[in-house]
Colleague: 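Got a structure for you, written out below as structure tokens; questions coming shortly.
Chain letters run A, B, ... following the sequence lines, proteins first and then strands; every chain starts at 1. Note that the structure is a prediction, hence the values are computed from the model and not measured.
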2 protein chains.
Amino acid sequence: MASTIRDVAREAGVSIATVSRVFNNSGLVHEDTRRRIDEVAKRLRYIPNGAARTLSTRRTQTIGVVLPDLYGEFFSEVIRGIDQEVQRSGWHLLVSSSHNDRVEIEAALRAMRGRVDGLIVMSPDLDAHELAQNLPEMLPVVLLNCAGDGGVYNSLNMDNRGGAYAVTEHLLRHGHRRIGLITGPMRNHDARERLRGAHEAFAAAGATAAPELEVAGDFSERSGHRAALELLALEPRPTALFAANDSMAIGALSALREAGVRVPEEMAVAGFDDIPIARYVSPPLTTVRVSIPELGGQAARRLFEAIRDTKSEQRHELLPTELVVRRSCGARPGSGEAWCAPP
Amino acid sequence: MASTIRDVAREAGVSIATVSRVFNNSGLVHEDTRRRIDEVAKRLRYIPNGAARTLSTRRTQTIGVVLPDLYGEFFSEVIRGIDQEVQRSGWHLLVSSSHNDRVEIEAALRAMRGRVDGLIVMSPDLDAHELAQNLPEMLPVVLLNCAGDGGVYNSLNMDNRGGAYAVTEHLLRHGHRRIGLITGPMRNHDARERLRGAHEAFAAAGATAAPELEVAGDFSERSGHRAALELLALEPRPTALFAANDSMAIGALSALREAGVRVPEEMAVAGFDDIPIARYVSPPLTTVRVSIPELGGQAARRLFEAIRDTKSEQRHELLPTELVVRRSCGARPGSGEAWCAPP
DNA sequence: TTGTAGGCGTTATCAG
DNA sequence: CTGATAACGCCTACAA
């Protein structure tokens, strides 16, 4: 049996109220008494019971994270960023992931009720408003990379449009006119925004998007592979490929290699995310960098603010991205406006 | 304010005890009363308060996971496996990750106290016994991929030795005698075991390990790149490279490409883990597959058993691995004894 | 089949 | 500075 506040009080010859004060640095306690209590507590290995504390204070010191079924390293890195902030504050992290549809997300949300002081929700396939009814009332929430601008909730998105715009503009500037787009699944918000960014770059350059040059993938290597073959069969063939994430770009690279198409001489290729492997494939991949841990960290910090100050205004923030030019797009890395990855 | 059991009781014209019975399917309740209570509860959106429940039952319905700072997708996939099992049982997952040393792990362990009914701990750099004193007493624990056999705790490891043995034997059988080993960090248990498996294969083939053919990496692409260059400079040069994980193998591939060394003609290459990209690099990577989600899932199932039956014997289990032959090692995929990945 | 009442371990409010 | 004591919301004998 773990010892309770009562054991400590008895052993130290004080009331439980005083022990409580010591453990919460609340109220004044005589230095001697404090020392005595500290000592007894250590000897008895006393640790306050979290449940009792929660029951009495209505605070859990825990934040909840609800995530969809994420592909690749995204999940790890988001959690890494969140966890770091959370630990720094001595809080805890309740995680629920791998939700594939709205029903599951809603169930997860319900399950979090009463167990967390705030929520980070990520559901790139769902509109924020659809979640509204199911979010526990009065609970601070940060929407991470959700569709919409977050509406009445705090929201944080990475700048998908800006990043896609930058890559596309880069390709256009280097003379490419027929650019094949390997898109993500259209129900996914990131995928839609990245496509939109590309379209805007086309428009700004006076070019127009050709529907036959857009092939949908699902963010997996395999789908990138397949899409590249499809685009390769077109007549005339595109001279550049922009995949909505690096995994698909890498799948495309492997397809091009098998087809004997040289990159970047015969076909420029670019991706999105700058996953670690991107610089180690052949040729190294031009892409858009976004710091996922930072995305998580910023979400956590925002949530803490919202918890601390419940009346604070909702905020909608955008995490900037960065074009990373490597060899796969044919431009000389380091040339022009683009940022160049260290070797 | 969320409604309490008392609100439901009043509204339904019964005592709180009866409402409690309904929500715990315990004791007999008249069908009519049950229906009435269910209905009222739904209308009031009543959800039992977890803290109160925990306080009175001493059960949290939560399992804790303590993980080190994991590289790449490993973390995601382990959690995916655990989370799936946990959700299936309607339990919760308290996560604490990114711990770099013993002090941090111990702090995390302490913080879990009283908040979880069981613990999955992963710390490939630490010996199980070192953790012993810091584990909350009497709490069911499963050690995941920890050094040692787990000792007095349940343990689950992937068959690192067996996998490494299989790759190495495969290379030896195809005529390679000078095999360069790119090892993981030696403080890491997986890394040590994989090296040991390779050594055992050497021994079984009557070959001996040459120290100059072993270069230490840290599981990152970059370190694999560097190690490959180092091995390439040897005279005579090795004819094959076995990296202790795929990331390093991919780094090595990029180094070989830059050096103009053809794979597999001039140098066979193999990795370990079978990460998704492994089959999309050039040439596709021969490696060892291990299902990480399954590793997590099995750990969770074992933990649930241990929680259900506190007196159950501690068990030490091994998750099998599987050799995946692709082009990078020069053997014809599908030939011989090896398992061949579908296209 | 249902109700009563004590207890789970803390915090917080009031008196002293 | 310190001590009683009433919540907090729920579970569970024990009674009825």
Side-chain angles (χ1 to χ4, degrees), chain A residues 1-38 40-41 44-62 90 92 111-117 136 138, chain B residues 1-38 40-41 44-62 90 92 111-117 136 138:
Chain A
M1 283 301 123
S3 52
T4 77
I5 198 175
R6 226 174 297 274
D7 301 325
V8 178
R10 179 168 5 85
E11 199 78 2
V14 296
S15 75
I16 61 171
T18 303
V19 178
S20 177
R21 284 188 194 99
V22 168
F23 273 83
N24 297 285
N25 316 324
S26 70
L28 287 316
V29 178
H30 192 88
E31 191 46 39
D32 292 350
T33 345
R34 176 186 302 274
R35 238 197 307 275
R36 186 151 34 94
I37 290 177
D38 272 338
V40 171
L44 264 44
R45 297 220 181 126
Y46 167 67
I47 293 184
N49 176 307
R53 204 171 229 177
T54 293
L55 187 56
S56 161
T57 60
R58 310 177 140 293
R59 270 178 276 119
T60 62
Q61 301 256 97
T62 301
H92 303 272
M112 291 276 178
R113 228 226 222 164
R115 310 184 152 264
V116 301
D117 296 337
M138 305 307 302
Chain B
M1 282 305 120
S3 53
T4 76
I5 198 174
R6 224 175 300 274
D7 301 325
V8 177
R10 179 168 5 86
E11 199 78 0
V14 296
S15 75
I16 63 171
T18 303
V19 178
S20 175
R21 285 188 192 102
V22 168
F23 273 83
N24 296 286
N25 318 323
S26 70
L28 287 315
V29 178
H30 193 87
E31 192 47 36
D32 292 349
T33 342
R34 176 186 302 273
R35 240 196 306 275
R36 187 152 33 94
I37 291 177
D38 272 338
V40 171
L44 264 43
R45 297 220 181 129
Y46 167 67
I47 294 184
N49 176 307
R53 204 173 228 174
T54 293
L55 188 55
S56 92
T57 60
R58 308 178 144 293
R59 270 177 277 118
T60 63
Q61 300 255 96
T62 301
H92 303 271
M112 291 275 178
R113 228 225 223 167
R115 310 183 152 267
V116 301
D117 295 338
M138 306 308 301

Colleague: Looking only at the side chain of B:Ser20 (C-beta and beyond, no hydrogens), which of the listed nucleotides D:dT12, C:dT10, D:dG9 gets closest?
Modeller: D:dT12

Colleague: Closer than 4.0 angstrom, basic N to acidic O: yes or no for B:Arg35 and B:Asp32?
Modeller: yes

Colleague: Given 3.5 Å as the limit, does a donor-acceptor pair link the side chain of B:Asp117 with the main chain of B:Thr60, or not?
Modeller: yes

Colleague: For the pair made of CD1 in A:Ile5 and C1' in C:dT11, what is the distance, rounded to whole Å?
Modeller: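 Going from CD1 in A:Ile5 over to C1' in C:dT11 covers 8 Å.
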
Colleague: Report which part of the nucleic acid A:Ile37 touches: base, sugar-phosphate, or nothing (heavy-atom distance under 4.0 Å, all strands).
Modeller: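 Nothing, no nucleic acid heavy atom in range.
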
Colleague: Nearest whole angstrom, please: distance from the C1' of C:dT2 to the CD1 of B:Ile16.
Modeller: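 Between C1' of C:dT2 and CD1 of B:Ile16: 13 Å.
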
Colleague: Of the non-hydrogen atoms in B:Arg36 and B:Val14, which two are nearest, and what is the gap between them?
Modeller: NH1-CG1, 4.1 Å

Colleague: Any idea which heavy atoms bring A:Pro48 and A:Phe23 closest together, and the distance?
Modeller: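 Shortest heavy-atom separation between A:Pro48 and A:Phe23 comes out as CG-CD2, 3.8 Å.
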
Colleague: Report the distance from atom CZ of A:Arg10 to atom C1' of D:dG3, rounded to the nearest whole Å.
Modeller: 16 Å

Colleague: Would you check if the side chain of A:Thr54 reaches a backbone N or O of A:Gly50 as a donor-acceptor pair within less than 3.5 Å?
Modeller: yes

Colleague: Closest approach to the side chain of A:His30, judged atom by atom: which nucleotide of D:dC8, D:dC1, C:dT4 is it?
Modeller: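 When the side chain of A:His30 is considered, D:dC1 is the closest of D:dC8, D:dC1, C:dT4.
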
Colleague: Phosphate oxygens OP1/OP2 of C:dT10: is one of them under 4.0 Å from a side-chain N or O of A:Asn24?
Modeller: no

Colleague: Quick one: A:Arg115 CZ to D:dG9 P, roughly how many Å, whole number?
Modeller: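 Whole-Å distance recorded here is 16 Å.
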
Colleague: Taking side-chain contact (heavy atoms from CB on, under 4.5 Å) as the test, write out the residues that go with A:Ser56, two or more places apart.
Modeller: none

Colleague: Counting only side-chain N and O atoms of B:Ser56, is one of them less than 4.0 Å from OP1 or OP2 of C:dC8?
Modeller: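 It does not, given that no N or O in the side chain of B:Ser56 lies less than 4.0 Å from OP1 or OP2 of C:dC8.
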
Colleague: Look at the side chain of B:Arg6 and decide which nucleotide, out of D:dC10, D:dT12, C:dT10, has an atom nearest to it.
Modeller: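 Looking only at heavy atoms from C-beta outward on B:Arg6, the closest nucleotide is D:dC10.
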
Colleague: Find which nucleotide of DNA chain C each of B:Val29 and A:Thr57 is nearest to by heavy atoms, and output the residue with the more 5' nucleotide.
Modeller: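 It is B:Val29, whose closest nucleotide lies nearer the 5' terminus.
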
Colleague: Heavy atoms from C-beta onward define the side chain here; which of C:dC8, D:dC11, C:dT11 lies closest to that of B:Leu55?
Modeller: C:dC8

Colleague: Would one find a side-chain N or O of A:Arg53 under 4.0 angstrom from OP1 or OP2 of C:dT11?
Modeller: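 Answer yes for this pair, as a side-chain N or O of A:Arg53 is under 4.0 Å from OP1 or OP2.
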
Colleague: Once you apply a heavy-atom cut-off of 4.0 Å, does A:Thr33 come out as touching a base, just sugar-phosphate, or nothing?
Modeller: sugar-phosphate

Colleague: Tell me what B:Val19 touches on the nucleic acid: a base, only sugar-phosphate, or nothing, going by heavy atoms under 4.0 Å.
Modeller: nothing

Colleague: Could you check how far CZ of A:Arg59 sits from P of C:dT11, rounded to whole Å?
Modeller: 10 Å

Colleague: With sequence neighbours excluded, what pairs up with A:Ala111 under the side-chain contact (heavy atoms from CB on, under 4.5 Å) test?
Modeller: B:His92

Colleague: Of the candidate nucleotides D:dC8, C:dT10, D:dC10, which contains the atom at the shortest distance from the side chain of A:Arg58?
Modeller: D:dC8

Colleague: Considering only nitrogen or oxygen atoms on both sides, find all protein atoms under 3.5 Å from nucleotides 13-16 of chain D and state each distance.
Modeller:
none

Colleague: Could you check how far CG of A:Asn49 sits from C1' of C:dT11, rounded to whole Å?
Modeller: 13 Å

Colleague: Measure CG/B:Leu44 against P/D:dG9 and give the value in whole Å, please.
Modeller: 14 Å

Colleague: A:Ser20 and side-chain contact (heavy atoms from CB on, under 4.5 Å): which single residue from A:Ile16, A:Asn24, A:Val22 fits?
Modeller: A:Asn24

Colleague: Looking for any heavy atom pair under 4.0 Å, which part of the strands does B:Thr18 touch: base, sugar-phosphate only, or nothing?
Modeller: sugar-phosphate

